[in-house]
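Report on the structure given below.
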Amino acid sequence: LDMLDRFFRKAGIQLPQNPKALDIGTEDWHYVTALHAFLRVQSGSAKVQLEGIDFFGNDYRPLVNSQLRGLEGTTYTAGDIFEIPISPEYDTTFVMHPLGTERSYARWEIPFRPLDQFWSRAMESLKPGGVLFGSGYLWCDGKDAFRYFPQDKTIFSEKYHSPLQRIHDI
């Protein structure tokens, strides 16, 4: 949450009341409670809609379902972002730690799509004026994934260092 809060503040991003957000590539969505709270605080709304999608969602469904209890307006979908209908309805879309190389996609047994297509697909989810938030470690796939981030749409970019990265002086 610290990273999101800092980036949203520095970029001057203000979410609308009752925001609708999409999170692509959630895995087990261990951070869903914090993300839901962030959206509520950032928008000043008691009501938010948060949708998560993950290629391996069915593998994580029992764990995620237990984490969704009490998080009104939050849903989780198993599937490929390229195979699920997407419309420009989200105020913000999050992509946390995207895969950045064909080798990584192969290792996870996920069909590879060129990264410019991945980012374009994520952009398709946004309403006019919506915000795409991408985050990734620069010492692994993140560096490769963000090479294809839509630069013409970038409003704010900053390196964010986790304690692990500081320990390793990356």
Side-chain angles (χ1 to χ4, degrees), residues 1-55 60 63-64 67-68 70-77 81 86 88-101 104 115-116 118-170:
L1 280 185
D2 172 60
M3 176 181 59
L4 288 176
D5 182 56
R6 185 158 44 126
F7 283 154
F8 271 61
R9 266 188 298 107
K10 284 186 173 184
I13 298 168
Q14 181 59 49
L15 292 176
Q17 288 287 307
N18 307 317
K20 187 169 185 178
L22 176 65
D23 189 4
I24 300 172
T26 60
E27 288 193 37
D28 64 6
W29 223 6
H30 60 276
Y31 55 89
V32 65
T33 302
L35 184 57
H36 190 271
F38 171 79
L39 292 167
R40 288 180 57 208
V41 169
Q42 191 70 23
S43 68
S45 303
K47 180 182 173 187
V48 300
Q49 287 184 295
L50 175 58
E51 298 177 29
I53 180 171
D54 193 80
F55 192 85
Y60 298 116
L63 176 60
V64 171
Q67 294 171 158
L68 295 183
L71 297 180
E72 191 174 327
T74 305
T75 59
Y76 184 70
T77 302
I81 191 67
I86 295 287
E89 59 185 292
Y90 299 94
D91 298 297
T92 187
T93 295
F94 299 97
V95 180
M96 310 289 196
H97 308 294
L99 300 176
T101 64
S104 293
L115 291 162
D116 57 336
F118 171 80
W119 290 115
S120 291
R121 184 70 172 157
M123 293 289 290
E124 290 172 13
S125 69
L126 296 170
K127 292 178 182 177
V131 175
L132 174 60
F133 179 88
S135 168
Y137 294 117
L138 296 180
W139 48 267
C140 61
D141 273 14
K143 184 169 70 174
D144 294 314
F146 286 102
R147 191 174 308 149
Y148 296 93
F149 193 84
Q151 297 301 315
D152 62 324
K153 303 288 186 182
T154 298
I155 58 171
F156 182 76
S157 178
E158 179 180 84
K159 291 181 181 178
Y160 182 85
H161 298 282
S162 71
L164 179 62
Q165 288 170 310
R166 284 193 178 143
I167 289 169
H168 291 284
D169 193 30
I170 292 175

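- Across Thr26 and Tyr31, no two heavy atoms sit closer than the pair CA-OH, 3.7 Å.
- When side chains are defined from C-beta on, Arg121 counts as touching Ile86, because their heavy atoms get closer than 4.5 Å.
- Counting only distance, with no hydrogens or angles, the side chain of Gln42 and the backbone of Ile13 share a donor-acceptor pair below 3.5 Å.
- Heavy atoms only, all atoms of each residue included: Pro19 and Lys47 are closest at CD-O, 3.8 Å.
- Among all heavy-atom pairs drawn from Leu68 and Trp29, the shortest one is CD2-CZ3, 3.9 Å.
- The aromatic rings of Phe133 and Phe8 sit tilted, their planes meeting at an angle between 30° and 60°.
- Taking all atoms of both residues into account, the shortest heavy-atom contact from Leu132 to Leu126 is N-CD1, 3.6 Å.
- Proximity of Leu71 to Leu50: side-chain heavy atoms (C-beta onward) are nowhere separated by under 4.5 Å.
- Side-chain atoms of Val131 and Leu15, non-hydrogen and from C-beta on, never get closer than 4.5 Å to each other.
- Looking at every heavy atom in both residues, Asp54 comes nearest to Glu27 through OD1-N, 2.7 Å.
- Proximity of a side-chain donor or acceptor of Asp91 to a complementary backbone N or O of Lys20 within less than 3.5 Å is detected.
- Rounding to the nearest 0.5 Å places OH of Tyr76 at 7.5 Å from CG of Asp28.
- The shortest side-chain heavy-atom distance between Val32 and Asp23 does not fall under the 4.5 Å cut-off.
- Across all their heavy atoms, Gly134 and Trp119 have their closest contact at CA-CH2, 4.4 Å.
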